[in-house]
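Treat the numbers as computed from the prediction; the structure is a model and nothing was measured. Just so we're on the same page: letters track the sequence lines, and every chain starts at 1.
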Number of protein chains: 2
Amino acid sequence: MTTSIKDVALLAGVSVATVSRALGNGPVSPTLRAKVEAAVVQCGYRPNLSARRLRSQHTRTVGLIVSDICNPFFTAVGRAVEDVAYRAGMRVILCNTDENPDKEAMYLRLMQEERVSGVIFAATRATADALDTAELGFPVVMIDRAGAAARCDAVLLDNRLAAAQLVEHLLERGYRRIGGLFGNTSSTGAERHAGFAEALQRAGLPVAARFVAPSAAAAQAELAAWLREAAPPEALVASNGLLLLGAAKAVRAAGVAVPQRLALAGFDNDSWTELAEPGMTVIEQPVEEIGRVAMEMLLERLRQPERPPRKVVLAGRLVARGSSLARA
Amino acid sequence: MTTSIKDVALLAGVSVATVSRALGNGPVSPTLRAKVEAAVVQCGYRPNLSARRLRSQHTRTVGLIVSDICNPFFTAVGRAVEDVAYRAGMRVILCNTDENPDKEAMYLRLMQEERVSGVIFAATRATADALDTAELGFPVVMIDRAGAAARCDAVLLDNRLAAAQLVEHLLERGYRRIGGLFGNTSSTGAERHAGFAEALQRAGLPVAARFVAPSAAAAQAELAAWLREAAPPEALVASNGLLLLGAAKAVRAAGVAVPQRLALAGFDNDSWTELAEPGMTVIEQPVEEIGRVAMEMLLERLRQPERPPRKVVLAGRLVARGSSLARA
DNA sequence: ATGGCATGAGAAAACGTTTTCAATCGATAG
DNA sequence: CTATCGATTGAAAACGTTTTCTCATGCCAT
C-alpha cells in the first residue's frame, strides 16, 4: 500500500484539502504549510499522477508521433521536444509509425485515450491530408511535413528553396545530368522534388527523378540499378539523410569515384556526412530549432486555443563538401 | 465534454458495469456485448486511461532512462524497447539524463509519481551503486551499465572480453604502443578499461589509458592534445561510439593518416563507421537484442515478482575494417 | 456596534473507471 | 417439486486527487 494524501493529512492533523492546497499553490497559512511539508517528507509521500490527471482534467502530456526515432533527424528533433516539454512540466509519449498509416491511426486513437494535451506529428501524406483536427479533441503541430487542408500549426523547412539551392550549387560546379532520389510517402519528398524540378527546368535541363520508399536500403538498391543503366547521372540529389546514406553505400559498393564519376548532395547534416570521404554536401536542417519551436508553439496553442493557426518556415543551410567538388 | 462510459451505458440500455465488462474480458452475454459495441461506435467513446489506471492500480507504463537518446546506441535500444512494449500493451516514458545524477534522481522520483510498472535504466556509476530497488517501489532492469550492489535484473555486454578482443586484434596486426580513451561516468567505461589493461599486461605492454567525459567533443579535444605530445600512440581504442567519433574527427583535423600513423578501433557499429575512410574497426553491440531482452525481462519480472534477479551477458562482434589494417 | 468582506480551513462532491457484492433467473440435481 | 448452483447483471464502493461549497474568524468601514 502506497501512502496517499490522506495519510499525510492524518499525520499533519489537517484536512486532505489543505494538503492538496499546500502542495499546489492554494492559499494556506505558513504554519499549516510547514506542518504539511514535514508530514510529506516523514511518510515519503509521492503524489499519484493518474489521480491528479483524472481529477484535474489536464494530463500535461504530449504525444510525439514520428516515422522512426532511429532517423537522426527525428532523434534530434525529439530530444529538443522533450527538453522543452520536461522544462514546462509536461510528459512526452513517443510513437514510431514506420510511415504506416494504420499505425498512425492507431497511435492517434491512443492519444485520445491518453487525453493528451496535444500532439506533435510528422505525418504520412495520406494521413496529413485527411487529418480532421477538430474531431481529434486536441491540438496538433505538424513538423517536417505539411498537411494540405489541415488547419493547424506547423513548423517546416523551406523544402522547395532548399532543393533548388542544391541543384543550383551542382549547376555552378559544372554538373549537368543531375538525378534525384525522393521519398514517396511524405509531402516533404514531393516538395523537394518540386524545387528540384523547377531549378532544372529554369536551366533548361531534363528532370530525372525517382521515388523510393524512405529507407537507406531502398535508396541503395535503386541507385545501384540506376548506375547500371545506359546513361547514369553525373550528380545525384538525395531528398533526406536516409536516402543519402543509401546512395553513399551504393556508390561505395559499386566502386564509383565521388565526385569524379558521380557527385552527391542531399539533406541532413548527420554525423557520418562529415566523416565519409570526400565529405558529403548537404542542406543542414535546424533540427534543434524545429523541435523547440514545435513544442513552444504547442504550449502557446494550449494557452490560446482560438489563436489562428501559424506556419513557421525555417531555412536550411548549405554545407558544401568534397562530394560536389567543381567538375574537372 | 467528452463521452464517458456512462453515456455508453445509457445509450445501450445497460449498466456501466456491463459496459466495463464488455470492453474488458468480463462475462457478458453476446446480446448485450453487441449492444454495447454498437453504442460505443455510435457515440465515439474512448476509454479514459487515467481513470482506468487509477482504479485498476496498474499503469501499464514503463520508464526508459538513458543518458541521451541522440547516442545511436540508445536510439536503437530505445526503439527495440518501445516495439516490444507497445506490442505488450505498455506505454514508454523516455527520459534523458545527460549522465547527470541529479537528473537521474529527479526522473526516478517522477517514475514513482507515475506509478510506473517498471523502469529500464542505463545509470551513472554513482546512481547504479546507490540504487535501492526495494524502496523504489518498482522493478528495475539495468542496461549497458551494471549496478554494483543492485540486486536487480540486467542485460549487459561482456565488456572486458570485448575490449580485450580489440586489443588482441591490434596486437595481431602488429601495433604495440596502444592507447585507450574511456568514459569516466559509467561502469561500462571502467569495465572496458579493465579488459583493455588486462590484455596489454598479458602481452607485457604498458597501459596508456585516459578517461574523459562521455562526449565526442571531449574525446576530440583529448586526442588532439595527446597527438601533440612526445610519444603518441600507434593505435587507439575508444570505449564507445561517441568517443570514437570524436577521435575520428581529431585525426581528420590533425591530418593524421589512418592507420599508417594511428590505427583506430572502438565500440558501436554506427552507420558512419562503415562510410568514414578507411572504415572503422569496431565491436558491434547487439543493440536491438539488448533492448528487446531488457523489455522482455521486465515483463517477466512483472509476472513473477519474486523470481531471483538475472543478469544476461551478451557478446559483441568484432567488425574489422581498414582503420586497423596490418602494420607495414 | 454592526454589516460586509477577505481569508483560511474542512466536508463533501466529482473525475471515469474497475471491482466487489448482492440479486435475479433458468436449469439441473435430488 | 424444491433446493442449489452457475451464469449474468446492476448497484454501489473504491481508486487518490482537485475543486467546489460552506463556514468560521477577524478586520475594516460605516
Quick check for you: among D:dG16, C:dT18, D:dA11, whose closest atom lies nearest to any side-chain atom of B:Ser15?
D:dA11
Could you please name the option among C:dC15, C:dG8, D:dT20 that lies closest to any side-chain atom of A:Arg21?
D:dT20
For the pair made of CG in B:Asn25 and P in C:dT19, what is the distance, rounded to whole Å?
9 Å
Using atom CD of B:Glu113 as one end and atom C1' of D:dG16 as the other, report the distance to the nearest whole Å.
13 Å
Donor-acceptor pair under 3.5 Å: do we get one between A:Arg55's side chain and the base of D:dT18?
yes
What nucleotide, of D:dT18, D:dG10, D:dA12, holds the atom closest to the side chain of B:Val14?
D:dG10
Counting the atoms with a prime plus P, OP1 and OP2 as sugar-phosphate, which does B:Arg53 contact under 4.0 Å by heavy atoms, base, sugar-phosphate, or nothing?
nothing
So does B:Leu49 get a backbone contact from the side chain of A:Glu114, meaning a donor-acceptor N/O pair under 3.5 Å?
no
Heavy atoms only, 4.0 Å cut-off, all strands: where does B:Ser20 land among base, sugar-phosphate and nothing?
base
Just to be sure I understand the rule, does A:Arg46 reach a base, reach only the sugar-phosphate, or reach nothing, if contact means heavy atoms closer than 4.0 Å?
sugar-phosphate
For A:Arg60 and D:dT17, what is the distance between atoms CZ and C1' respectively, to the nearest whole Å?
15 Å
If you round to the nearest 0.5 Å, how far is OG1 of B:Thr59 from CZ of B:Arg53?
6.5 Å
Please give, in whole Å, the distance from D:dT17 P to B:Glu114 CD?
13 Å
Taking the side chain as every heavy atom from C-beta outward, state whether A:Arg145 and A:Arg125 have any atom pair closer than 4.5 Å.
no
In whole Å, I'd like the distance from the NZ atom of B:Lys6 to the P atom of D:dA11.
12 Å
Counting only side-chain nitrogens and oxygens, does B:Gln57 get under 4.0 Å of the OP1 or OP2 atom of D:dG16?
yes
Please tell me which of the listed nucleotides, C:dA9, C:dA12, D:dT8, lies nearest to the side chain of A:Thr18?
C:dA9
Checking C:dG8, C:dT17, C:dT19 against the side chain of B:Ala17 (C-beta onward), the nearest is C:dT19
Can you tell me which residue among B:Ile143, B:Val66, B:Ile120 is in a side chain to side chain contact (heavy atoms under 4.5 Å, CB included) with B:Val77?
B:Ile143
Which residue lies toward the 5' end of DNA chain D, B:Pro27 or B:Ser56, if each is placed at its nearest nucleotide?
B:Pro27
Verify, without hydrogens or angle tests, whether B:Arg33 (side chain) and B:Ala22 (backbone) share a donor-acceptor contact under 3.5 angstrom.
yes
Whole Å only: how far is the NE2 atom of B:His58 from the P atom of D:dC15?
15 Å
Do the side chains of B:Arg301 and B:Val141 get nearer than 4.5 Å, heavy atoms only?
no
Taking only N and O in the side chain of B:Ser29, is any of them less than 4.0 Å away from OP1 or OP2 of D:dT9?
yes
By the 4.0 Å heavy-atom rule, please label B:Leu32 as base, sugar-phosphate, or nothing.
sugar-phosphate
Which of the following nucleotides, C:dT18, D:dT18, D:dC15, is nearest to the side chain of B:Leu54?
D:dC15
Among C:dT17, D:dT8, C:dA11, the one nearest any side-chain atom of B:Ala51 is C:dT17
Between CZ of A:Arg115 and P of D:dT17 the distance, given in whole Å, is 21 Å
Please give, in whole Å, the distance from C:dC15 P to B:Ile5 CD1?
14 Å
